[in-house]
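The next block holds one structure in the form of structure tokens; read it before the comments.
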Number of protein chains: 2
Amino acid sequence: MQNDCRNCPFKTKATSMLSDCSLDQLTSNHLELKLKKGDSIIKQGTYSTNVVFLRTGLAKIHIAGPYTEQIVKMVNAPSYLGLPTTFGSKINQYSVTAVSDAEVCFIDLGVFQNILDENKEFTREIIQEFCKNELESFHRCANRTQKLIRGNMADAILDFADKIFKSDSFTLPLSQIEFANLVDTSRESVSRVLAEFDKDGIIKVTGRQIEILNKKSLILVSQNG
Amino acid sequence: MQNDCRNCPFKTKATSMLSDCSLDQLTSNHLELKLKKGDSIIKQGTYSTNVVFLRTGLAKIHIAGPYTEQIVKMVNAPSYLGLPTTFGSKINQYSVTAVSDAEVCFIDLGVFQNILDENKEFTREIIQEFCKNELESFHRCANRTQKLIRGNMADAILDFADKIFKSDSFTLPLSQIEFANLVDTSRESVSRVLAEFDKDGIIKVTGRQIEILNKKSLILVSQNG
DNA sequence: TATATATTGTGATGCATATCACAAAATAAT
DNA sequence: ATTATTTTGTGATATGCATCACAATATATA
């Protein structure tokens, strides 16, 4: 209910396609919140009534598997969250949680639908997003199930560096348990493999701080064992 | 270029939302083909220029993983195929192959986009589809990676019965190798587990013919080991 | 009908990794 | 500062399942 969405500096490609009219509609129909690390944004099992726009910060999408919690993917701002679960089901089918401090805007589903109806370009971009996500999803799943742990961990580290932090040096926003849930392993294996990578001089591990020392090797590990 | 799409008896929920105008546009801009079991519909690595409508038949979506081919999901008619890969990437990121005789309509991407632009209800349904798929995708991946083989095989069999064939008795449209690719195992394990289920009286296996004898047990196996 | 090719069945072996069981740090709470 | 709690490190053990190696069918091809 606060900021003018027209001047929001955190627009996605899709959002930048919106008409001023639709942006004004958003301005008067959204609820802006500042969240702390660890705060829940969307909770699996509860009613889904809002689409969420992640203005700033980093979030994890996670789902309760048959035995353990699985982190489906990491998402950084700016990005829409919860479209699949809000459109596809009355009840949230997954959770989203902030892993850093974050700012989010809750948007009423009806309003969002309205905006979709009235902005072809926006809709196109959103559909494009869905497509990319589904493709990524296919690849990720194939990799996870076929690669060994070292390969998956290398993948994850490369992902953090290239997609999330855009830097070869970063601090992991996850505990080892969470990292394990992201990579489908046990906490212990995460610890061990991280130590291995460090010993081999591929990365430097200092607590949760990770620095990639030899990216080529890391890519090789990602591809092979 | 043949049949009148207005009278097509194989409409999806989305398609039934289309204006006559759009249906006529489809009529004059689609290529209808009869396919035989095993024929390729979409091929990973080639240029994607068409959306495909599966009028009749059964298809598998499969993707080349890092080591082996993985069957992402089975799709039966009526359904659109290749939206993610056609919208999301210039080059097909996965393959689709008929596993039974099938009829398909190739629709030019531009025409499809046009139809999206001009039919809000249709677009809504398509988006709904995307959402459901993404949710399914999350669940499937979590299950596959966390469950043991018996659980995954039980899942797959239940899926065939409930979602694909709508009958507890059906003939598997896949070889054991393919079944293994669907369930993320080895061909040998498929053979063994199928024999186990048969021995336990849960299903009756006669070649590729499967009859579910004890559905409750099968569901139990799906949930636990 | 005969021959080649693909599909399936089944044992033996090995290996990656989960699990268990603690100890040691590091963080948070008092 | 001190205690409690969460996170991490590391060995030992167990196990699910892939892989290998053939035999036995079934299916396609000549």
Side-chain angles (χ1 to χ4, degrees), chain A residues 36-38 65-71 97 99 142-157 171-200 203-210 221-222 224-225, chain B residues 36-39 65-71 97 99 142-157 171-200 203-210 221 224-225:
Chain A
K36 296 191 310 295
K37 173 178 164 159
Y67 300 105
T68 60
E69 195 76 10
Q70 178 166 103
I71 297 182
T97 305
V99 297
N143 282 336
R144 273 206 193 148
T145 49
Q146 288 182 28
K147 284 188 186 177
L148 303 185
I149 292 176
R150 287 169 57 93
N152 280 323
M153 289 207 34
D155 272 348
I157 293 170
T171 67
L172 265 183
L174 306 174
S175 72
Q176 289 187 359
I177 297 177
E178 290 177 298
F179 199 98
N181 292 341
L182 176 65
V183 175
D184 280 307
T185 344
S186 64
R187 193 219 94 223
E188 293 91 328
S189 293
V190 168
S191 175
R192 274 186 260 263
V193 172
L194 242 29
E196 274 174 45
F197 285 176
D198 183 300
K199 189 168 65 64
D200 298 348
I203 61 176
K204 182 153 158 285
V205 183
T206 320
R208 288 192 187 176
Q209 169 77 19
I210 286 186
V221 174
S222 143
N224 314 305
Chain B
K36 298 190 311 291
K37 174 179 162 157
D39 284 351
Y67 300 106
T68 60
E69 196 75 10
Q70 179 164 103
I71 298 182
T97 304
V99 298
N143 282 336
R144 273 205 194 151
T145 48
Q146 288 182 27
K147 283 189 187 175
L148 303 186
I149 291 175
R150 288 168 56 92
N152 282 322
M153 290 208 33
D155 273 348
I157 293 170
T171 66
L172 264 183
L174 305 174
S175 72
Q176 289 188 0
I177 297 177
E178 290 176 298
F179 198 99
N181 292 341
L182 177 65
V183 177
D184 280 306
T185 343
S186 64
R187 192 219 93 221
E188 294 91 328
S189 293
V190 168
S191 176
R192 273 185 261 262
V193 172
L194 242 29
E196 275 175 43
F197 285 175
D198 184 299
K199 189 168 65 66
D200 297 348
I203 62 176
K204 181 152 158 286
V205 184
T206 322
R208 288 190 187 177
Q209 170 77 19
I210 286 186
V221 174
N224 314 305

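Computed from a prediction, not measured in an experiment: that's the story for all the values here. The chains referred to below are lettered A, B, ... by the order of the sequence lines, with proteins before strands, and numbering in each begins at 1. Below, each value reflects all heavy atoms present in this structure, side chains not excepted, and no hydrogens, waters or symmetry copies.
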- request: Whole angstrom is fine here: how far is it from CZ in F179(A) over to C1' in dT7(D)?
  value: 15 Å
query: Looking only at atom types and distance, does a side-chain atom of D39(B) sit under 3.5 Å from a main-chain N or O of K36(B), one as donor and one as acceptor?
result: yes
field: Test item: Q176(A) side-chain N/O and V190(A) main-chain N/O as donor-acceptor pair under 3.5 Å
entry: no
query: For the pair made of CG in N224(A) and P in dA16(C), what is the distance, rounded to whole Å?
result: 15 Å
task: Check for a donor-acceptor pair, side chain of E178(B) on one end and backbone N or O of S175(B) on the other, with a separation under 3.5 Å.
output: yes
- prompt: Where the side chain of Q209(A) meets the backbone of T206(A), is there a donor-acceptor pair that is under 3.5 Å apart?
  reply: no
query: Would you say a side-chain N or O of Q176(B) is under 4.0 Å from OP1 or OP2 of dA6(C)?
result: no
- request: Select one nucleotide: of dT17(C), dT10(D), dT7(D), the one nearest the side-chain heavy atoms of L148(A).
  value: dT17(C)
- line: Ranking L194(B) and D184(A) by the position along DNA chain C of their nearest nucleotide, the one closer to 5' is L194(B)
- line: In short, salt bridge (charged side-chain N to carboxylate O under 4.0 Å, His left out) pairs touching residues 183-198 of chain B with sequence neighbours left out are R144(B)-D184(B), R150(B)-E196(B)
field: Gap between atoms CD1 and P, on I177(B) and dT27(D) respectively (whole Å)
entry: 15 Å
- prompt: How close or far is atom C1' of dG9(D) from atom CZ of R208(A), stated in whole angstroms?
  reply: 15 Å
- line: Whether each nucleotide of nucleotides 19-30 of chain C has a protein heavy atom under 4.0 Å at its base (B), only at its sugar-phosphate (S) or at neither (-) is summarised, 5' to 3', as BBB---------
query: Under the 3.5 angstrom rule, does the side chain of K147(A) hit a backbone N or O of P66(B) as a donor-acceptor pair?
result: no
task: Mind calculating the distance between CG (D198(B)) and C1' (dT10(C)) to the nearest angstrom?
output: 15 Å
query: What is the distance from CG of L174(A) to C1' of dT7(D), rounded to the nearest Å?
result: 13 Å
- prompt: Atom CD of Q146(A) and atom C1' of dC17(D): how far apart are they, to the nearest Å?
  reply: 15 Å
